[in-house]
Amino acid sequence: MDSGVYIIKNLFSGHMYIGSSSQLNRRRKDHFSALNRGNHKNKFLQSSYIKHKGKGFIFGVIEHCEASNLEKTEQLYIDKYWD
């Protein structure tokens, strides 16, 4: 299963970006491609990536789930980490 909820974490600051995708591998590539080009849609994440010269950022899968449950599962993790 390649769908689920993921996290991009800055290991220096502990800040996290949580998202979901039905194609996790492609989403990871898309995120880091945009970050490396300097045009990621999340300006806070982009700024942090530039500040740390792209070092200390990890992409991890929090939970694999069916594509039909992506939004609900993503929201559960957002609520958990930003409570």
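When all heavy atoms of Asn10 and Ser48 are compared, the closest pair comes out as ND2-OG, 2.7 Å. For the residue pair Val5 and Leu70, the shortest heavy atom distance occurs at CG2-O, 4.4 Å. Scanning all heavy atoms of the two residues, the minimum distance from Glu66 to Ser3 falls at C-OG, 3.8 Å. The minimum heavy-atom distance between Ile18 and Glu74, with the atom names listed, is O-OE2, 3.6 Å. Heavy-atom minimum distance, Asn39 versus Gln46: N-OE1, 3.3 Å. Closest approach of Thr73 to Cys65, counting heavy atoms only: OG1-SG, 3.9 Å.
Within the 4.5 Å cutoff, the side chain of Lys51 has no heavy atoms near those of the Phe12 side chain. For the pair Ile7 and Tyr77, the minimum side-chain heavy-atom distance is 4.5 Å or more. Side-chain contact check for Leu45 versus His15: every heavy-atom pair is 4.5 Å or farther apart.
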>> side chain to side chain contact (heavy atoms under 4.5 Å, CB included), that's the test. Do Met16 and Ile8 meet it? Break it down for me.
In response: CA-CA 6 Å; Met16 298 176 276; Ile8 298 174; over 6 Å; no

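Atom-to-atom distance recorded for Ser21:OG and Arg28:CZ is 11.5 Å, nearest 0.5 angstrom. Between the CZ atom of Arg37 and the CG atom of Leu35 there is a distance of 9.0 Å, given to the nearest 0.5 Å. Rounding to the nearest 0.5 angstrom, the gap separating the NZ atom in Lys80 from the CD1 atom in Ile62 is 8.5 Å. Separating the NE2 atom in His64 from the CG atom in Asn69 is a distance of 14.5 Å, to the nearest 0.5 Å.
Between Tyr6 and Phe59, the angle of the ring planes stays under 30°, which puts this pair in the parallel group of the 30/60° scheme.
For Lys43, the NZ atom counts as densely surrounded, since its 6.0 Å shell holds more than 12 non-hydrogen atoms of other residues, nucleotides or ligands.
Taking Tyr17 as the reference, His31, His40 meet the ring pair (Phe, Tyr, Trp, His ring centres under 6.0 Å) condition, with sequence neighbours excluded.
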